[in-house]
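Numbers here simply count residues along the sequence, with the first being 1. Counting convention: from 1, in listed order, for ligands and their atoms alike.
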Amino acid sequence: MSAPNIETIVSLAKRRGFVFPSSEIYGGLGSAWDYGPLGVELSNNVKHSWWRWMVYDRDDMEGIDSSIILNRLVWKYSGHEDTFSDPLVDCRNCKARLRADKLEYSGEPGLSVGGSITEMIREKRIKCPNCGSTNLTEPRPFNLMFETHVGATAEDDASALVYLRPETAQGIFINFLNVLTTSRRKLPFGIAQIGKSFRNEVTPGNFIFRTREFEQMEMEYFVRQGEDETAHEEWISNCFEWFLGLGISARNLRFYEQPKEELAHYAKRTVDIQYRFFPEREEEERQWDELMGIANRTDFDLRTHSKKPEDAEGKRFNPDSTEDLSYFDETSKERFYPYVIEPAAGVNRTVLSLLMDAYSEKTNEKGETRVILKLRPALAPIKAAILPLAKNKPEIVGMAKAIKRSLQPVLRAVYDDTGGIGKLYARQDEIGTPFCVTVDHQSLEDEAVTVRDRDSWEQERVKVSELADHLQLRLKE
Ligand code: GAP
């Protein structure tokens, strides 16, 4: 099974310390979340897994970590200043601010949203989801980039205006030449980056699904034009396989081909991988939403940031850039702007999908139901919990603590003696710990412990001297 809805995960996440509502002691801050002791481990494990798969396991990849605040011109030429906006509508009755493209309208389905939305508002075919009024303003673009100012300048000094990046991708494009020349790479090759991005979303919500501050795992794969479509197909299936490898069930994943009118300004084609984030919704089509996007960005970005391209009259498209981000092919002696395939995933949405997918319930012989988080061992926040069977026996406690410390250098282990053994097991099951290690009276004699498996509840006796190797082997399963 998986979680019946996001609410189940919100409550588990808060109860057990995965994710807390941010700034709660001051009344909170809409749609901002803080990752607690278990959440930070899970999200780090996701990022490590992605980095290992994307960078270390391949021969054609480099990684970078670029600034969050970039020169404003990056966003001018990337097209974000002009086009990175959502159509915003105000309800004149209840003053709610709404995203026009997400509103439901009455009438025949299939009408193209976008062009006709203004007409539908004029015809009063769209109702405010908040109060039901049809008294809505016409849509206007609302830019999603957060603005701030660098240096001790006046707030209205336009020359000091900068943005928090809304995607990590641009930091990669502007470093294309730096990476190319220092790594002496040949096409095809990729540059990967993980980091925070910021969008002033009009309608954030659904827990960590849509927030204004979030983390992305993006990779730009540079290829020759003509080889882009095949590379795109390969990355689409590679990414799907990666999610399956994380343990996400295939029945909760699907592809979604973005229709032309949904494509970002730079994209020739984009295929999303969607997850069933809303299983409780009756209509199957409304159960799915984006987990990641895999776009063919053509040569748009490298070309737009380059100083060379000119129009028919010899006027440079980009008079501000000091570099030409083209590639020289030694074999064909040709210079060109590579095409780019971009797999872009969200860390937070991956964490949410993992929590939802791993959620299960199990009832024991006494009829008690427990939550069990069936996370793959590699992703589990805690790998092993060391539990003394008698906390009033100093020898047992001492041995359990010593075992915990001996495991520490190789895996994340915790010691817990704050309850009876049944309760301690249940606690670990609920947070996805794959192994509970119990130290009992017998352990003092035979230098062995009981290792109990989270999913099968089976137990085996393991020598303390072999425990670290034993657990490490089983963590790879
Ligand atoms: N560089 C391309 C790009 O940014 P995107 O589809 O806008 O593409 C990629 O974002 C991924 O980032 C999404 O699939 C999603 O997982 C995540 N993401 C985007 N906006 C988000 C938000 N407001 N909150 C949480 N995750 C978000």
Side-chain angles (χ1 to χ4, degrees), residues 6 19 22 30-33 35 39 43 46-47 50 64 66 68 70 74-75 78-80 83-86 99 101-102 142-146 163-174 190-221 232 235-236 239-240 242-243 246 248 253-258 262-275 277 288-298 300-302 304 340-356:
I6 290 183
V19 181
S22 185
S31 299
W33 301 90
Y35 285 68
S43 115
V46 166
K47 289 185 272 185
W50 188 87
I64 65 162
S66 69
I68 285 174
L70 304 174
V74 172
W75 306 108
S78 69
H80 284 78
T83 62
F84 197 62
S85 51
D86 279 341
R99 250 182 82 172
D101 56 332
K102 297 282 176 195
F142 172 76
N143 196 292
L144 300 184
M145 286 195 291
F146 276 103
Y163 304 105
L164 304 187
R165 67 179 176 201
E167 62 169 9
T168 62
Q170 295 302 321
I172 297 180
F173 296 126
I174 60 172
I191 306 177
Q193 164 156 243
I194 298 179
K196 288 235 168 160
S197 291
F198 303 81
R199 296 181 191 175
N200 199 1
E201 299 281 1
V202 180
T203 47
N206 289 316
F207 189 38
I208 52 174
F209 176 80
R210 181 170 287 108
T211 48
R212 295 191 170 104
E213 174 181 342
F214 54 97
E215 232 171 337
Q216 292 185 306
M217 304 178 281
E218 298 200 289
M219 192 278 289
E220 311 301 324
Y221 196 69
H232 196 190
W235 278 109
I236 292 168
C239 292
F240 200 86
W242 183 67
F243 285 114
L246 291 186
I248 298 181
L253 289 170
R254 72 169 193 184
F255 293 115
Y256 171 76
E257 178 87 37
Q258 286 193 8
E262 255 181 52
L263 289 176
H265 60 278
Y266 49 72
K268 167 173 155 185
R269 180 184 172 216
T270 299
V271 174
D272 291 340
I273 295 177
Q274 296 187 326
Y275 180 76
F277 284 107
W288 302 89
D289 216 326
E290 180 184 337
L291 178 57
M292 84 173 292
I294 305 124
N296 182 341
R297 293 181 78 126
T298 70
F300 174 85
D301 300 273
L302 292 181
T304 192
V340 175
I341 305 304
E342 176 195 67
V347 174
N348 318 78
R349 285 189 194 178
T350 305
V351 166
L352 179 57
S353 63
L354 285 168
L355 288 172
M356 291 189 75

May I ask you to identify, for [X], whether its side chain, its backbone, both or neither come under 4.0 Å of ligand 1 on a heavy-atom basis?
{"X": "Arg297", "answer": "side chain"}
{"X": "Glu290", "answer": "side chain"}
{"X": "Thr211", "answer": "both"}
{"X": "Arg199", "answer": "side chain"}
{"X": "Leu291", "answer": "backbone"}

Atoms of ligand 1, numbered as shown, that sit under 4.0 Å from any heavy atom of [X]:
{"X": "Glu342", "value": "1 (N), 2 (C)"}
{"X": "Glu218", "value": "1 (N), 2 (C), 3 (C), 4 (O)"}
{"X": "Met292", "value": "14 (O)"}

**Message:** Within the structure, is a non-hydrogen atom of Tyr266 found at a distance of less than 4.0 Å from ligand 1?
**Reply:** yes
**Asked** At a 4.0 Å cut-off, with the gap strictly under it, does some heavy atom of Gln170 reach an atom of ligand 1?
**Response** no
In the protein, which heavy atom is nearest to [atom], and how far is it?
{"atom": "atom 17 (C) of ligand 1", "value": "Gly346 CA, 3.8 Å"}
{"atom": "atom 9 (C) of ligand 1", "value": "Gln216 NE2, 3.4 Å"}
{"atom": "atom 11 (C) of ligand 1", "value": "Ala344 O, 3.8 Å"}

**Complete:** Of Phe214, Phe207, Phe209, the one forming a side-chain contact (heavy atoms from CB on, under 4.5 Å) with Thr211 is Phe214
**Asked** Are side-chain N/O atoms of Tyr256 and Glu262 paired as donor and acceptor at under 3.5 Å?
**Response** yes
**Item:** Ser31 and Glu201: side chain donor to acceptor below 3.5 Å
**Value:** no
**Intermediate values then yes/no, side chain to side chain donor-acceptor pair (under 3.5 Å), Ser43 and Glu215** = CA-CA 10 Å; Ser43 115; Glu215 232 171 337; 4.7 Å; no
**Request:** Could you tell me how the ring of Phe84 sits relative to the ring of His80: parallel (under 30°), tilted (30 to 60°) or perpendicular (over 60°)?
**Result:** tilted
**Prompt:** Aromatic rings Phe300 and Tyr266: how do their planes relate, parallel, tilted or perpendicular, breaks at 30° and 60°?
**Reply:** tilted
**Prompt:** Does Thr168 offer a backbone N or O that forms a donor-acceptor pair with the side chain of Glu218 under 3.5 Å?
**Reply:** yes
**Prompt:** Just checking, Arg212 and Phe198: is the charged tip under 6.0 Å from the six-membered ring centre and within 45° of the axis?
**Reply:** no
